[in-house]
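Sequence lines set the chain letters: A, B, ... in the order given, protein chains first and strands last, and positions in each chain run from 1.
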Amino acid sequence: MEPEDILGQLNEPQREAVTSGANPVMVLAGAGSGKTRVLVHRIAWLIGVDNISPFNVFAVTFTNKAANEMRERISEMLGLETRGMWVGTFHGLAHKFLRLHCKEAGLEQGFQVLDSGDQHRQIKKIIKERRLDESYYPPKEVQWFINSQKDLGLRAKQVKEDAGKKQHIQLYRDYEKRCARSGLVDFGELLLCCYETLSKNNDLLAHYQQRFKNILVDEFQDTNEIQYQMIKLLSGEDGAAFVVGDDDQSIYRWRGANSANMSRFQKEFVDTRVIKMEQNYRSTKTILAAANAVIANNDERLEKTLWTSAEEGPQIKLVANHDEYGEAHNIIDTIQAKSKSIGLNNMAVLYRSNAQSRVIEEALLRQAIPYRVYGGFRFFDRAEVKDALAYLRLAVNQNDDLAFERASSMPPKGLGAKTLSDIQSFAQTEGVSLFVGASQLLEHSLISGRAKNAVRDFVAQLQKIKNETENKSLKEQFETAIHLSGLINFLQQKKSEQSATKIDNVMELINAAHGYRPLLDEDEITPLESFLSHAALESGDNQASEWQDSVQLMTMHSAKGLEFPLVFIAGMEDGLFPHQRSQIEVGGLEEERRLCYVAITRSMRELYISYANQRLIHGLTNYSRPSRFLYEIPEELIDEVSNQGVLSGSTKKNHKRSSKNKSSSLLGQRIHHHVFGEGVVIAIEGDGDNTRAQINFETEGTKWLVLSYTKLNLM
DNA sequence: ATTGTGAAGGTTTTT
DNA sequence: CCTTCACAAT
């Protein structure tokens with residue numbers, strides 16, 4: 001490949017980044033400045049011009065969608081020259097590593113990846129076993145605790161003992177033990193275990209440091225502690241990593257992401273070359289001006305000014321609606337009006353939370369407009385799909401306790417809660433898995449009567465599934481296991497409408513298996529193992545029509561890295577966006593503002609923003625004001641129209657605009673405060689009956705208690 | 001042992 | 001609003 005083929009369409013800073021030598025490089029790149037492009041072109045440069053083997057390239061990013069796109073674009077440029085290259089998400093690559101080195105990592109061959117639902121169930125059970133009160137130790141909170149410790153790279157024994165944390169740490173310890181015994185690995189564990197294995201094993205580390213001389217990281221602002229450490233470890237002494245990021249687009253703080261990693265990189269990697277890419281090639285002047293104005297309200301940003309030479313473009317349309325149905329109709333009307341000229345594929349509807357998609361989907365369905373939802377309800381999270389997968393997981397690894405438990409009760413086979421708990425306590429005292437425990441119980445005739453028959457049949461059934469799925473194609477394995485599980489028979493007998501859908505879903509699973517192709521260089525593990533891991537790591541695209549012209553629906557989070565000529569941002573209301581919860585988290589509002597920045601900058605040309613005066617949330621009517629972020633957009637960029645809704649007034653000259661609306665101001669909500677001794681209490685009026693929250697913190701001798709209370713309901 | 005009922009509780013974003 | 005859970009009835 002000729003240098004000009006690669007550099008042809010690039011601007012100066014982009015070229016500089018693509019061709020830079022082996023020094024550590026940090027590209028500070030604004031939205032739409034060609035971040036991913038630079039990354040892909042750099043890989044092409046390394047391989048095509050510098051003659052580096054794909055074998056030496058390690059390219060990592062954050063979400064599956066971004067990773068897929070990167071992979072696609074690389075092979076578009078390089079064709080088949082990508083063999084041996086590691087491209088994927090942090091979790092995906094860590095998983096790959098652990099499959100290759102499960103022995104060194106102390107994991108069993110057929111270890112399974114735990115998704116967050118599984119993890120939640122597991123933790124819940126452990127809390128029960130400890131006889132702790134779930135209302136005092138909510139599983140969600142414990143789960144959050146464990147995950148954030150893992151994100152920080154801390155094992156239970158490494159967590160600093162803190163008076164309030166004792167029980168949590170104990171639960172973490174229990175959970176670790178349980179996962180180890182059952183061969184289960186959660187998301188955080190993938191990273192942590194990978195990191196530990198590398199740092200404990202010098203030969204292995206040396207090998208990979210030698211191999212991955214070229215490490216590239218996209219969306220670097222979203223790395224968390226353990227990910228940062230992993231990059232640092234892998235890049236070794238010379239630390240020649242190439243990272244790309246934009247601190248203004250850091251939106252995963254709640255998951256441990258720390259955008260300070262960007263400034264940290266400059267310090268800790270010797271002689272880091274910083275390249276700024278500030279020209280935006282994506283959006284019109286209007287869009288960019290709006291985005292810049294919003295993000296300007298955040299403090300502590302890295303120095304960077306985004307500009308464009310593009311045309312002014314149309315104003316941003318702001319639509320006031322009465323309720324969410326009106327909003328959906330309005331969006332669909334616009335979609336229909338524009339579908340001919342723009343094309344459905346080029347339009348995206350973005351929203352803050354997945355639940356918002358329902359109303360919009362219904363409206364699209366009614367008008368028979370094809371659409372595609374990303375994320376949200378996960379195919380692999382459905383109960384019947386998990387049931388079916390449990391049998392396949394057991395075919396791979398009979399010690400998978402979670403799967404054992406699931407399979408034992410579905411379909412019902414006379415093995416109920418009582419018998420299961422007998423097996424569990426036996427297995428626990430013996431320190432073995434449920435499957436082994438059940439087999440031993442049988443062997444030593446420790447159970448009798450009906451239970452004995454049920455357990456014997458079940459163990460035999462699992463053995464049979466294991467035997468009969470050996471050496472078969474993936475599709476046959478699925479057919480066999482599902483057939484032998486008796487799930488379909490059971491569902492057929494029920495003959496309800498729901499069970500018909502469930503059967504469809506299970507059948508769809510077989511189709512998915514049939515169409516499944518493991519990634520090129522994944523031949524080190526069996527296709528079945530690969531499929532099962534992907535089921536946990538990816539949301540599962542159940543919507544077949546990937547190439548059909550269709551409107552794209554997704555959360556603002558999933559939209560990061562994508563661009564569309566026409567973008568709708570729906571549900572622009574205080575409480576929804578910025579989300580209520582963000583208002584009581586320190587720094588929460590700033591993160592929401594970055595998310596808003598991300599959302600606006602997805603648009604290349606046309607942007608429709610809408611809000612509703614009222615909206616049904618969890619069955620209750622919620623009244624809300626237009627999002628405060630709207631008032632941060634210069635009014636001349638906005639054209640506000642009403643669709644039977646009350647206008648925000650953000651374009652009216654006389655309206656008092658809160659343009660200096662900083663994160664501390666809570667629009668219209670009553671705030672009370674009281675100072676006493678060394679403390680301050682601040683009470684904020686909530687606007688729903690479930691707004692109850694409080695935070696404590698200390699600043700230089702002053703204790704703060706901020707709490708929200710419920711407005712009296714006089715209706 | 002399984003199934004059905006009603007009450008209670010939890011609601012952001014993703015790997 | 002939807003899911004999960006506890007308990008009663010089969």
Side-chain angles (χ1 to χ4, degrees), chain A residues 60-67 88-95 113-117 119-121 124 128 134-135 138-141 144 147 150-151 185-191 219 222-224 226-227 250-257 350-356 358-359 374-378 380-383 408-420 449-451 453-454 490 494 533-539 554-560 571 575-583 585 588 591-592 594-596 598-599 615-622 688 690-692:
Chain A
V60 65
T61 178
F62 226 73
T63 63
N64 286 310
K65 194 135 32 80
T89 62
F90 274 102
H91 293 88
L93 295 181
H95 171 251
V113 180
L114 215 58
D115 67 27
S116 53
Q119 190 189 31
H120 185 256
R121 269 180 286 273
K124 198 164 182 170
K128 262 206 189 107
E134 269 189 38
S135 56
K140 268 246 155 72
E141 194 192 297
W144 185 86
N147 286 338
K150 288 194 176 187
D151 282 344
V185 172
D186 63 39
F187 292 138
E189 185 70 24
L190 286 171
L191 304 176
E219 309 283 15
D222 279 328
T223 49
N224 62 27
I226 190 77
Q227 289 162 339
S250 165
I251 53 175
Y252 285 104
R253 213 185 47 136
W254 49 274
R255 212 173 84 177
L350 310 184
Y351 36 80
R352 176 65 234 268
S353 69
N354 284 306
Q356 284 172 259
R358 212 198 79 231
V359 178
Y374 290 90
F377 18 73
R378 289 152 184 255
F380 291 112
D381 278 349
R382 290 168 197 265
S408 72
S409 60
M410 204 58 192
K413 48 179 71 66
L415 201 168
K418 176 74 171 58
T419 315
L420 184 64
R450 278 211 311 233
N453 292 333
F490 172 74
K494 303 244 295 193
S533 312
H534 281 271
L537 284 167
E538 287 180 48
S539 49
M554 68 194 85
T555 63
M556 301 174 190
H557 281 88
S558 333
K560 193 164 72 157
L576 188 58
F577 188 44
H579 196 274
Q580 218 140 37
R581 291 190 69 122
S582 69
Q583 300 182 21
E585 284 162 20
E591 172 132 326
E592 296 282 293
R594 289 191 292 270
L595 187 57
C596 184
V598 168
R615 175 184 297 273
L616 224 51
I617 293 178
H618 315 302
L620 293 168
T621 307
N622 240 268
N690 48 4
T691 328
R692 268 166 265 121

### For E591(A), all residues meeting side-chain hydrogen bond (donor to acceptor under 3.5 Å, both in side chains), sequence neighbours excluded
R594(A)
Is there a side-chain contact between [X] and the phosphate of [N], meaning an N or O under 4.0 Å from OP1 or OP2?
X	N	result
K560(A)	dT14(B)	no
N354(A)	dT11(B)	no
T555(A)	dT14(B)	yes

Using whole Å, report how far [atom1] of [X] lies from [atom2] of [N].
X	N	atom1	atom2	value
I251(A)	dT12(B)	CD1	P	16 Å
Y374(A)	dT15(B)	OH	C1'	18 Å
H557(A)	dT14(B)	NE2	C1'	8 Å
L190(A)	dT14(B)	CG	P	18 Å
D151(A)	dT14(B)	CG	P	16 Å
E591(A)	dT14(B)	CD	P	12 Å
I226(A)	dT14(B)	CD1	C1'	18 Å
W144(A)	dT12(B)	CH2	C1'	14 Å

### Message
Is it the case that the side chain of E592(A) and the backbone of H579(A) share a donor-acceptor pair, with hydrogens and angles ignored and the cut-off at 3.5 Å?
### Response
yes
### Task
Evaluate the side-chain contact (heavy atoms from CB on, under 4.5 Å) criterion for residues Q119(A) and N147(A): first the C-alpha distance (whole Å), next the side-chain angles of each, then the deciding distance (0.1 Å), finally the verdict.
CA-CA 10 Å; Q119(A) 190 189 31; N147(A) 286 338; 2.8 Å; yes
From the options [options], select the nucleotide whose nearest atom is closest to the side chain of [X].
X	options	value
T89(A)	dT14(B), dT15(B), dT11(B)	dT15(B)
Y252(A)	dT12(B), dT15(B), dT14(B)	dT14(B)
R352(A)	dT11(B), dT14(B), dT12(B)	dT12(B)
S353(A)	dT11(B), dT13(B), dT14(B)	dT13(B)

Please enumerate all residues that pass side-chain contact (heavy atoms from CB on, under 4.5 Å) together with [X], with sequence neighbours excluded.
X	value
N224(A)	D151(A), I226(A), Q227(A)
T63(A)	K65(A), A66(A), Y252(A)
A355(A)	S353(A)

### Message
Categorize F577(A) for me: base, sugar-phosphate, or nothing, with a 4.0 angstrom heavy-atom threshold over every strand shown.
### Response
nothing
### Query
Contact class for S582(A) vs. all strands (heavy atom < 4.0 Å): base, sugar-phosphate, or nothing?
nothing
### First of H91(A) and P138(A) reached from the 5' end of DNA chain B, by closest nucleotide
P138(A)
## Note on the structure
chain A reaches DNA chain C, atoms under 4.0 Å from its heavy atoms, from dC1(C) to dC5(C)
### Task
For nucleotides dT13(B) and dT4(C), find the distance between their C1' atoms and express it as a whole number of Å.
23 Å
### Message
Could you work out, with salt bridge (charged side-chain N to carboxylate O under 4.0 Å, His left out) as the rule, every residue matching R581(A), not counting sequence neighbours?
### Response
none
### Task
Given side-chain contact (heavy atoms from CB on, under 4.5 Å), test V113(A) with H91(A) step by step and report yes or no.
CA-CA 10 Å; V113(A) 180; H91(A) 293 88; over 6 Å; no
### Message
Taking 5.5 Å and 30° as the limits, would you call W254(A) and the base of dT13(B) a stacked pair?
### Response
yes
